[in-house]
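Predicted model only: the values in this text are computed from it and were never measured. Each residue takes its place number in the sequence, starting with 1.
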Amino acid sequence: MGALPASAQETSPGGQLAQACTSCHGLQGRSLGAVPSLAGRPAADLVALLKTFRDAPNEATIMNRITRGYTDDEIAALAAYFSAMSPTP
């Protein structure tokens, strides 16, 4: 699966939702710090992680609070967006 052109990525449902992720996970999911990068990770792994955060009984991290606002379709869109990104610029 090839990467989408930048304009298509940004206007896709996942691209629109992903803007909320950039302050911690970096532009296009490429973190420059201690927070994990999301770019290029398998979509199934990202879906599983996001649902685990969302469905956790305790609000231990910011991810628990953020993911509670996402539907399954939105989580799938985010996962598809980040998995289509190259892990390197």
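Not one N or O on the side chain of Gln16 forms a donor-acceptor pair closer than 3.5 Å with the backbone of Pro13. Distance alone, capped at 3.5 Å, places no donor-acceptor pair between the Ser86 side chain and the Pro89 backbone. No donor-acceptor pair under 3.5 Å is formed between the side chain of His25 and the backbone N or O of Val35.
Side-chain heavy atoms closer than 4.5 Å link hydrophobic residues (I, L, V, M, F, W, Y) into clusters, and following such links, even through other members, never connects Leu49 to Ile62. One hydrophobic cluster, built from ILVMFWY side chains closer than 4.5 Å, cannot hold both Leu46 and Leu27; they sit in different ones.
A 4.5 Å side-chain heavy-atom check between Leu50 and Met63 finds at least one atom pair inside the cut-off. Within the 4.5 Å cutoff, the side chain of Thr88 has no heavy atoms near those of the Arg30 side chain. Between Thr61 and Phe53, the closest side-chain pair of non-hydrogen atoms falls below 4.5 Å. Under the 4.5 Å side-chain criterion, counting only non-hydrogen atoms from C-beta, Leu17 is in contact with Tyr70. Within the 4.5 Å cutoff, the side chain of Asp72 has heavy atoms near those of the Lys51 side chain.
Residue pairs that meet the side-chain hydrogen bond (donor to acceptor under 3.5 Å, both in side chains) test with at least one member in residues 31-45, sequence neighbours left out, do not exist here.
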- Message: Evaluate Leu78 against Cys21 for side chain to side chain contact (heavy atoms under 4.5 Å, CB included), listing each step before the verdict.
- Response: CA-CA 10 Å; Leu78 277 167; Cys21 308; 4.3 Å; yes
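The structure places OG1 of Thr67 at 8.0 Å from CG of Asp55, a figure rounded to the nearest 0.5 Å. Taking CD of Glu74 as the start and OH of Tyr81 as the end, the distance is 15.5 Å to the nearest 0.5 Å. Atom-to-atom distance recorded for Arg68:CZ and Arg54:CZ is 10.0 Å, nearest 0.5 angstrom.
When all heavy atoms are compared, the tightest approach of Pro42 to Ser83 is C-CB, 4.2 Å. Gly40 and Pro87 get closest at one heavy-atom pair: CA-CD, 4.2 Å.
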